[in-house]
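Quick notes on the structure that follows.
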Amino acid sequence: GSSRVSQGIAASTFTADFLLLRAPPGGLSLEQAASGVSLPPMPPDLKAELDGLEERGEAEIATLAMFQLPGYSLGPGADAAFALNPDFLLDKPLFRAMEGSWDEAQRYFAAGPAIALPETAARRLRVHPGDTVSIQTLEGEVPFKVAVIDTMGAFVSPEVGEEYFHASPHFLLINTPPGQDKEALQTKVEAIARANGLFKVDPNQFWSNFYDTIFGSLLALFGGLSSLSGLVAGLSIVNTLVASVLERQREIGTLRALGMARGQV
């Protein structure tokens, strides 16, 4: 059922040996943080510890931050954008390149402010890879190169996310490099989490539950569209996926009208 699908997608996207969550300040939820309230920058001591793990070759670390970018994401009610190392999206089926490629996008990300746009936003803006869009950031209006057109959402690099949108990491994804001791790394990761007030969670279970929420909501959506408003209002982290389904609502309705069962659709 949907749980098996969720587990499969989780395993093929944000895979990591260890997942640490930064707690939003003052009881702020992740949904509220994603809706426009940025987390504070990572404390220097925490950043130094993480950099040390990478410099010594003990860990490979990726960060994921969320911020709002109306007009460049999937659409109204789905304005969440992400700051993530583009290398992390290579060979990820859920983040398929629709125009251009993630490999080609690397030179745009390396050359300056660049952004990956979802197909719906690119059509609306009438842009293609290599074009320039002017984006109003927290540091003023900045020209961004369109690096690639993808299936899932708007992405910038972590450096650009922090500099122009003040998007500090919500998630720390930590992997064990080949030849390194995973258990030894686990001990260090747990110590870092305790010392810095981070939540260590099982990454597979976390992302599986994350996608379970999506698919459970979508099944309810097929049964009755009245659930849509609550879904969009309450789950700003996953709005990009929901809006992707809504974008294709007509095609889904056509398949149902042709007699396909819900599971086949």
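Keep in mind it's a predicted model, so treat the numbers as computed, not measured.
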Write down the atom of G57, the atom of P177, and the distance for their closest heavy-atom approach.
O-CG, 3.4 Å
CD (E99) and CG (L117) are apart, to the nearest 0.5 Å, by 10.5 Å
From the list I61, L53, D17, side chain to side chain contact (heavy atoms under 4.5 Å, CB included) with I174 holds only for I61
Least distance between heavy atoms, K145 atom then Y108 atom:
CB-CD2, 4.1 Å
Looking only at atom types and distance, does a side-chain atom of D103 sit under 3.5 Å from a main-chain N or O of Q106, one as donor and one as acceptor?
no
Distance, nearest 0.5 Å, that separates CD of E183 from NZ of K188:
13.5 Å
Do you see a donor-acceptor pair shorter than 3.5 Å between the side chains of T151 and E119?
no
With heavy-atom distances below 4.5 Å as the criterion, would you say the side chains of V142 and I135 are in contact?
no
Tell me, do D131 and H128 make a side-chain contact under 4.5 Å, heavy atoms counted?
yes
Approximate separation, where rounding is to 0.5 Å, of S101 OG and R96 CZ
13.5 Å
Could you pull out all donor-acceptor pairs under 3.5 Å where a side-chain atom in residues 192-199 meets a protein atom, sequence neighbours excluded?
| from | atom 1 | to | atom 2 | distance (Å) |
| --- | --- | --- | --- | --- |
| N196 | ND2 | E49 | OE1 | 3.3 |
| N196 | ND2 | I192 | O | 2.8 |

In the structure I gave you, are the side-chain heavy atoms of F144 and T132 within less than 4.5 Å of one another anywhere?
no
Nearest 0.5 angstrom please: L64 CG to R22 CZ, how far?
12.0 Å
Spacing of NZ belonging to K47 relative to CE belonging to M42, to within rounding of 0.5 Å
6.0 Å
Closest heavy-atom pair, L173 versus A16, reported as atoms and distance to 0.1 Å, is CB-CB, 3.9 Å
Minimum heavy-atom distance between A83 and F67, given as atom pair plus value
N-CE2, 4.0 Å
What I'd like to find out is whether the side chain of Q136 reaches to under 4.5 Å of the side chain of Y164, using heavy atoms alone.
no
For F82 and H170, run side chain to side chain contact (heavy atoms under 4.5 Å, CB included): C-alpha distance rounded to whole Å, both residues' side-chain angles, the deciding distance at 0.1 Å, then the answer.
CA-CA 10 Å; F82 305 89; H170 293 77; over 6 Å; no
Measuring only between side-chain heavy atoms, which start at C-beta, is T63 closer than 4.5 Å to L84?
no
Do Y72 and L125 have side chains that approach each other closer than 4.5 Å (heavy atoms only, starting at C-beta)?
yes
Do you know which two heavy atoms are closest between P143 and P113, and how far apart they sit?
O-CB, 3.8 Å
With a 4.5 Å limit on heavy-atom distance, are the side chains of P118 and I149 in contact?
no
